[in-house]
There are 2 protein chains.
Amino acid sequence: MSKQAAVDAPCCPPLTERRVPAETAAVLAPAFKALGDPVRLQLMSMIASAEGGEICVCDLTPAFDLTGPTISHHLRTLREVGLVDADRRGTWVYYRARPTILRQLAGLLGALPAGDTVDEPPHQAPARRDCS
Amino acid sequence: MSKQAAVDAPCCPPLTERRVPAETAAVLAPAFKALGDPVRLQLMSMIASAEGGEICVCDLTPAFDLTGPTISHHLRTLREVGLVDADRRGTWVYYRARPTILRQLAGLLGALPAGDTVDEPPHQAPARRDCS
DNA sequence: TGTCTGATTCGACAGACGTCGAGACAGTGC
DNA sequence: GCACTGTCTCGACGTCTGTCGAATCAGACA
């Protein structure tokens with residue numbers, strides 16, 4: 001059924017420290033892309049923050065002004081990149097987040113063990129260089 | 001001309017803790033989407049990890065099997081969501097990462113206290129079925 | 001000034017994406 | 001068995017995206 005490609009990606013140093021190799025980029029980019037839609041980003045957060053660690057589709061659908069098939073489509077996208085996992089229980093289907101890949105993405109962006117986060121290089125706000 | 005919309009986003013609790021509001025999702029999703037392309041992900045990491053904090057376009061272009069205009073297009077995408085900043089110096093244009101939004105994204109994905117979550121979340125199903 | 005190099009913008013095109021309605025499938029309950 | 005509910009798949013449609021070549025813009029230099 002689902003591909004869940006990104007799940008097995010090798011773990012990754014923050015992109016602020018070393019250039020991301022093409023292979024890693026090819027594997028992780030789809031996960032970022034999946035989060036690149038406001039609906040999916042909200043779906044992901046509803047799933048990841050659900051109490052009990054999982055949430056029913058029937059709780060997700062009414063939260064949006066979209067049809068069932070559309071929500072289902074977005075959920076499949078999240079499933080295919082390995083961000084969530086589905087589980088049918090009787091009539092209902094429950095979705096659950098997969099923290100591993102979420103951590104990989106966060107790690108890549110540099111959510112390091114908190115504390116040593118890179119800090120602003122010299123950068124004044126109003127720079128506006130408009131080199132257009 | 002550039003939009004740099006996401007830059008001013010309010011900071012955000014991890015999506016594993018609370019549902020991301022539609023507003024925040026609409027603001028941060030474009031940044032994730034920008035990172036959702038392998039080429040842009042690599043560009044972003046080359047820029048963010050560049051020594052001196054910045055890197056010349058002339059160093060970026062030859063690193064890919066793509067034409068100049070295509071690289072320029074991707075760089076503009078990164079610029080428009082506020083992930084990078086451009087600066088023309090003489091003949092060359094230098095790009096620099098903006099750590100603020102990078103940290104926002106990382107934080108959203110889970111400034112996980114490290115060592116906490118394991119892949120398998122609590123798995124017994126708390127039979128929530130009040131979906132009627 | 002004229003020419004050269006580096007970077008961006010413009011216009012075009014194929015392919016991917018987001019959305020929907022209709023229909024199919026999986027379980028439950030009578 | 002049959003009807004009902006919840007979810008997914010399929011096909012279609014309009015829009016967006018990634019890529020390119022050609023043209024344009026911005027500086028440097030003779």
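Proteins come first, then strands; the chains are lettered A, B, ... in the order of their sequence lines, and each starts at number 1.
In terms of modelled atom types and a separation under 3.5 Å, the side chain of B:Ser49 and the main chain of A:Thr16 share no donor-acceptor contact. For the pair B:Ser72 (side chain) and B:Gly68 (backbone), a donor-acceptor distance under 3.5 Å is absent. Here the side chain of A:Ser45 pairs no donor or acceptor atom with the backbone of B:Leu15 at under 3.5 angstrom.
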(request) Report the C-alpha separation of A:Leu66 and A:Thr61 in whole Å, then their side-chain angles, then the decisive distance to 0.1 Å, and conclude whether the side chain to side chain contact (heavy atoms under 4.5 Å, CB included) test is met. (result) CA-CA 7 Å; A:Leu66 294 171; A:Thr61 307; over 6 Å; no
(message) B:Tyr95 vs B:Val57, test: side chain to side chain contact (heavy atoms under 4.5 Å, CB included). Steps then yes/no.
(response) CA-CA 7 Å; B:Tyr95 277 79; B:Val57 173; 3.3 Å; yes
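Here the nucleotide nearest the side chain of A:Cys56, chosen from C:dC20, D:dT7, C:dG6, is D:dT7. Set against C:dT19, D:dT7, D:dT19, the side chain of B:His74 has D:dT19 as its closest nucleotide. Here D:dA28 is the nucleotide among D:dT19, D:dT9, D:dA28 with the atom lying nearest to any side-chain atom of B:Thr91. Out of C:dT19, D:dT7, D:dC8, the shortest distance to the side chain of A:Trp92 is found at D:dT7. Side-chain proximity of A:Leu66 to the nucleotides C:dG27, C:dC20, C:dT8 is greatest for C:dC20.
Nucleotide C:dG6 holds its P atom 19 Å from the CG atom of B:Asp87, rounded to whole Å. A straight line from CG of A:Leu78 to P of C:dG18 spans 11 Å, rounded to a whole angstrom. If you measure from atom CZ of A:Arg76 to atom C1' of D:dC10, you get 10 Å, rounded to the nearest angstrom. As a whole-Å value, the separation of B:Leu41 CG from D:dG18 C1' is 16 Å. The interatomic distance linking A:Leu75 (CG) with D:dG6 (P) rounds to 16 Å, in whole Å. B:Phe64 has its CZ atom 14 Å from the C1' atom of D:dG18, to the nearest Å. What separates CG of B:Leu60 from P of C:dG6 is a distance of 15 Å, to the nearest Å. Atom CD1 in B:Ile55 sits about 15 Å away from atom C1' in C:dA7, given to the nearest Å.
Look at B:Thr67 and you won't find any side-chain N or O under 4.0 angstrom from OP1 or OP2 of D:dT19. Contact check, A:Ser72 against D:dC8: a side-chain N or O comes under 4.0 Å of OP1 or OP2.
In this structure, CG in A:Leu105 is found 6.5 Å from CG in A:Leu35, a value given to the nearest 0.5 Å.
A:Ile71 comes within 4.0 angstrom of nothing in the nucleic acid, heavy atoms only. Within 4.0 Å of B:Tyr95, counting heavy atoms only, lie sugar-phosphate atoms of the nucleic acid but no base atom. Counting non-hydrogen atoms under 4.0 angstrom, A:Gly68 reaches nothing in the nucleic acid.
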Close N/O contacts between protein and nucleotides 14-17 of chain C (under 3.5 Å):
none

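Residue B:Thr70 is the one, among B:Thr70 and A:Asp65, whose nearest nucleotide of DNA chain C lies closer to the 5' end (criterion: closest heavy atom). If you find the closest nucleotide of DNA chain D to A:Pro69 and to A:Arg88, the one lying nearer the 5' end belongs to A:Arg88.
Salt-bridge formation is not detected for the pair A:Lys33/B:Asp37: no Lys NZ or Arg NE/NH1/NH2 atom is positioned less than 4.0 Å from an Asp or Glu carboxylate oxygen.
Geometric assessment of B:Arg40 against the ring of B:Phe64 yields a negative cation-pi assignment under the 6.0 Å and 45° thresholds.
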